[in-house]
4 protein chains.
Amino acid sequence: MQVPDLKMSEKEKKILDAAIAVISEKGFSAASTSEIARQAGVAEGTIFRYFKTKKDILRGILIHLGNVIAEPLVVYGLKKILYQDGREDLRAGIKLVLKDRMAIIDAVFPMLRIVITEAMYHEDIRQILYDKIISRAVEVFEEYHLEMVEKGLMKKEIDAVVAGRSILANLVLFFVYRNLFGPMIQLDDYDRELDQVIDAIMHGIAIPAVGDKK
Amino acid sequence: MQVPDLKMSEKEKKILDAAIAVISEKGFSAASTSEIARQAGVAEGTIFRYFKTKKDILRGILIHLGNVIAEPLVVYGLKKILYQDGREDLRAGIKLVLKDRMAIIDAVFPMLRIVITEAMYHEDIRQILYDKIISRAVEVFEEYHLEMVEKGLMKKEIDAVVAGRSILANLVLFFVYRNLFGPMIQLDDYDRELDQVIDAIMHGIAIPAVGDKK
Amino acid sequence: MQVPDLKMSEKEKKILDAAIAVISEKGFSAASTSEIARQAGVAEGTIFRYFKTKKDILRGILIHLGNVIAEPLVVYGLKKILYQDGREDLRAGIKLVLKDRMAIIDAVFPMLRIVITEAMYHEDIRQILYDKIISRAVEVFEEYHLEMVEKGLMKKEIDAVVAGRSILANLVLFFVYRNLFGPMIQLDDYDRELDQVIDAIMHGIAIPAVGDKK
Amino acid sequence: MQVPDLKMSEKEKKILDAAIAVISEKGFSAASTSEIARQAGVAEGTIFRYFKTKKDILRGILIHLGNVIAEPLVVYGLKKILYQDGREDLRAGIKLVLKDRMAIIDAVFPMLRIVITEAMYHEDIRQILYDKIISRAVEVFEEYHLEMVEKGLMKKEIDAVVAGRSILANLVLFFVYRNLFGPMIQLDDYDRELDQVIDAIMHGIAIPAVGDKK
DNA sequence: TATGAATGAGAATTCATTCAT
DNA sequence: GATGAATGAATTCTCATTCAT
């Protein structure tokens with residue numbers, strides 16, 4: 001996926017695309033500006049017209065992820081479940097979003113890989129990640145959670161953050177496991193496994209004791 | 001936690017410990033052999049007596065994690081829930097392990113951070129990670145899952161891998177969220193939140209429709 | 001002080017002024033054409049319409065100093081002491097010139113700093129400096145010296161060059177010391193110190209032995 | 001002249017010598033570490049084992065000038081006039097020191113050129129220059145001046161700083177003029193000119209009015 | 001004529017690795 | 001075995017200069 005943007009020049013887009021590809025491939029420190037330049041088809045010096053330092057490229061990716069990707073993906077995606085489709089069924093909502101957004105998720109995966117890795121090491125990256133993406137997503141999900149609770153579809157005993165994290169956690173590990181360890185394991189049928197994952201999210205893995213409504 | 005070992009010289013241990021500390025702090029590429037040497041209190045050249053290249057240090061950490069750490073932590077730890085403590089209560093089991101192993105988890109966290117990061121980028125690291133740790137853990141959990149299913153405590157409709165991943169995913173994100181984004185958020189009470197997380201794992205976040213026993 | 005000129009376009013003047021400011025601040029090598037352009041309020045490319053290379057800017061400054069500044073400052077300034085004011089008193093002459101020309105000296109100081117610095121390293125700059133300024137000043141001072149000697153006010157045993165250099169040397173170090181090391185030292189009263197400097201120039205620092213009229 | 005030193009390795013000396021040569025030739029900014037390395041016969045990386053940054057090379061030169069050169073040259077040289085030789089004759093003292101130290105002065109000239117140039121642009125260099133050299137020289141000269149005044153050989157009306165500066169200024173310009181502009185001018189006989197310079201320093205360039213003892 | 005994006009050569013600096021001691 | 005000085009390739013970044021618009 002190329003990076004779409006509004007106020008971004010052709011060159012800047014090419015550089016950002018190349019940077020995402022190379023950094024996602026090798027990690028930030030191991031990626032060299034010379035390789036990014038080569039991949040982008042520009043001179044190395046050109047990179048530094050658009051990004052003052054190498055670290056600014058990383059920030060650029062983050063900002064981009066936040067502005068251009070996260071907004072439609074997270075906010076609009078979640079809102080779609082909530083308002084537009086008027087669904088009351090979480091399962092259908094998740095599947096709908098996943099199907100709908102699969103291409104985007106695949107495209108975003110390299111960016112996410114970069115951001116997650118670097119967030120582990122740098123407080124400032126974490127801050128941007130939080131401000132631009134996490135806090136926004138939490139916000140949207142809290143609203144969603146509230147409505148679902150009101151409709152009697154989600155447990156009010158579990159906070160929105162915990163609930164949202166459970167969805168995210170299960171889906172992320174589902175994808176990571178399949179994408180990174182796919183070659184090593186015998187993969188189950190995609191839809192069948194996804195159904196199980198959603199089951200786990202919605203109803204848990206334990207069999208409730210009789211009379212145990214929690 | 002220091003690295004204990006059998007067939008490892010005093011020097012090699014010191015180097016490995018230092019490497020774990022430094023690489024966990026900065027990431028593999030950004031960590032320099034000179035800093036590892038300084039931290040280990042040996043000469044830079046000495047490192048290359050024990051590890052032919054810098055990458056071999058990484059392999060050393062992995063091997064070490066696999067051989068020395070993973071076995072007691074994963075296998076023995078999981079088995080402890082399963083057999084030794086003879087628990088039938090997943091909630092109690094999880095809490096027990098978390099309490100019991102907290103110190104170990106803290107100690108292992110730097111290593112895990114390294115391995116997880118590098119596994120994202122290198123197939124070979126992933127392979128080692130899978131062979132040494134994941135496949136072993138899956139194995140043990142499958143056995144556990146089977147018993148739990150037989151005892152009517154876990155759903156047989158959800159595969160062991162999916163169930164185990166759900167536990168892992170929720171707990172990992174719980175810790176990551178608190179540890180990495182702690183400064184940015186208003187943290188809930190630890191025990192209260194953990195209880196919610198376990199609830200989510202065990203019984204899901206959705207309210208089952210009437211008559212919906214899934 | 002702005003650079004006045006005849007056959008110089010508005011733009012060229014602005015560039016030259018900016019170049020003098022920037023180069024005087026950082027030195028020639030450390031000054032970048034981009035900063036000069038920014039300071040001049042023109043595009044970087046524009047500079048190279050007026051000056052083929054960066055070094056040509058330096059030459060431009062020199063030429064300018066020679067043509068436009070040196071003539072009125074040096075020649076006219078010195079002649080003023082000599083002929084116009086008709087002074088026979090060196091002390092009064094020096095003080096008069098200093099007072100009179102202080103603003104000009106301040107304005108010229110940046111240019112001088114550039115030229116002096118570069119003259120230390122480049123023979124060709126030195127040649128221009130000599131041809132345009134030094135030789136002219138020596139010429140004028142020789143004439144002055146001759147008159148003073150004839151009037152019995154200056155020693156004929158000391159050549160004009162040595163005498164002129166003594167004036168220049170003492171005054172330059174007086175200014176340099178105060179301007180560059182001012183913050184580090186406890187400065188004497190300006191006028192009192194200047195009087196001492198002129199005393200030193202005129203009558204030396206030693207007490208003449210009895211009967212020693214030299 | 002090679003840089004002599006006590007606690008300096010062979011390599012460090014070679015690098016410092018090369019740095020002095022190259023920087024004195026081209027100026028600090030225009031001198032590249034690669035050329036210094038080539039001239040020193042070491043790898044470029046080696047330079048940075050001894051000097052953390054390029055600027056530290058400059059500081060190294062300064063420190064060196066201060067410790068190794070200035071001490072014997074300035075302090076010991078001045079003291080020689082003062083105490084050892086027991087001279088009461090400033091002229092003889094100056095000539096003695098100049099003769100004696102000529103080789104050193106020639107050797108020190110490149111270093112001085114560097115230091116003077118950079119001191120014009122950098123406050124921190126100025127500070128080191130002041131602390132290490134100027135303040136020491138002023139100190140020694142003040143003592144000398146005091147004794148000369150007591151002996152009736154120097155004027156008490158002219159402060160030590162002004163007097164010292166006059167000596168320095170005249171001698172420096174004498175050397176600079178000859179060394180830098182030598183090719184362009186018809187040089188006077190060295191000894192004859194030096195005598196005139198000393199005359200100017202000691203007794204000034206003006207003919208004292210009758211009864212004017214100042 | 002003026003612009004400023006693009007260039008690429010070259011700058012300072014780092015660092016894994018080697019090797020003589 | 002252990003050291004750490006030395007290396008030089010590679011890295012990030014700067015900047016004078018060019019050229020299409």
Side-chain angles (χ1 to χ4, degrees), chain A residues 9-12 14-15 28-38 40-57, chain B residues 9-12 14-15 28-38 40-57, chain C residues 9-12 14-15 28-38 40-57, chain D residues 9-12 14-15 28-38 40-57:
Chain A
S9 80
E10 195 61 31
K11 278 264 157 67
E12 192 171 358
K14 265 164 54 184
I15 292 171
F28 179 72
S29 288
S32 73
T33 50
S34 74
E35 189 172 350
I36 293 171
R38 201 177 331 119
V42 302
E44 199 168 358
T46 305
I47 288 182
F48 293 92
R49 290 191 63 74
Y50 293 93
F51 302 93
K52 260 169 75 70
T53 67
K54 191 189 172 193
K55 182 135 203 203
D56 279 324
I57 301 177
Chain B
S9 82
E10 194 61 33
K11 280 260 160 70
E12 194 170 354
K14 267 166 45 184
I15 292 170
F28 179 71
S29 286
S32 72
T33 51
S34 76
E35 189 172 352
I36 294 170
R38 202 180 326 122
V42 303
E44 205 170 350
T46 306
I47 287 181
F48 292 89
R49 298 214 141 264
Y50 292 93
F51 303 92
K52 249 176 82 66
T53 69
K54 191 189 173 193
K55 179 130 207 208
D56 282 322
I57 302 176
Chain C
S9 82
E10 195 61 31
K11 281 260 161 70
E12 194 170 355
K14 265 165 46 184
I15 293 170
F28 178 72
S29 287
S32 71
T33 50
S34 75
E35 190 173 352
I36 293 171
R38 201 180 327 122
V42 301
E44 205 170 350
T46 306
I47 287 182
F48 291 89
R49 299 213 141 266
Y50 293 94
F51 303 92
K52 249 176 82 67
T53 70
K54 190 187 173 194
K55 179 129 205 209
D56 282 322
I57 302 177
Chain D
S9 81
E10 195 62 31
K11 278 264 159 63
E12 193 171 357
K14 265 163 54 183
I15 293 170
F28 179 72
S29 288
S32 72
T33 51
S34 73
E35 189 173 352
I36 293 171
R38 202 179 329 122
V42 302
E44 200 168 357
T46 304
I47 287 181
F48 292 91
R49 290 192 63 74
Y50 292 93
F51 302 93
K52 260 169 75 70
T53 66
K54 191 188 172 194
K55 182 135 202 202
D56 279 324
I57 301 177

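The chains referred to below are lettered A, B, ... by the order of the sequence lines, with proteins before strands, and numbering in each begins at 1.
Not one N or O on the side chain of C:Lys11 forms a donor-acceptor pair closer than 3.5 Å with the backbone of C:Thr46.
Regarding contacts with the backbone of E:dA6, a side-chain N or O of A:Lys11 is found under 4.0 angstrom from either OP1 or OP2. Residue A:Lys54 places no side-chain N or O under 4.0 Å from the OP1 or OP2 atom of F:dT11. For D:Arg49, a side-chain nitrogen or oxygen approaches OP1 or OP2 of F:dA5 to under 4.0 Å. Contact annotation: C:Thr46 side-chain N/O to E:dT3 OP1/OP2 distance is under 4.0 Å.
At least one side-chain heavy atom of A:Ser9 sits less than 4.5 Å from a side-chain heavy atom of A:Tyr50.
Within the nucleic acid shown, A:Ala30 has no heavy atom closer than 4.0 Å to any nucleic acid atom. Nucleic acid contact class of C:Tyr50 (heavy atoms, under 4.0 Å, all strands): sugar-phosphate only.
The side chain of D:Phe48 sits closest to E:dT14 out of F:dT3, F:dT11, E:dT14. In this structure, of F:dT17, E:dA16, E:dT13, it is F:dT17 that holds the atom nearest to the side chain of C:Thr33. The side chain of B:Ser32 lies closest to E:dA16 when the candidates are E:dA16, F:dT7, F:dT12.
If you check F:dT18 for Watson-Crick or wobble pairing at under 3.5 angstrom, you find it paired to E:dA5. E:dA11 is paired with F:dT12 under the criterion used here, namely a Watson-Crick or G-U wobble arrangement in which both key atom distances are under 3.5 Å.
Going from atom CD1 of B:Ile57 over to atom P of E:dC15 covers 14 Å, rounded to whole Å. Distance CD1 (D:Ile36) to P (E:dG10): 17 Å, rounded to an integer number of Å.
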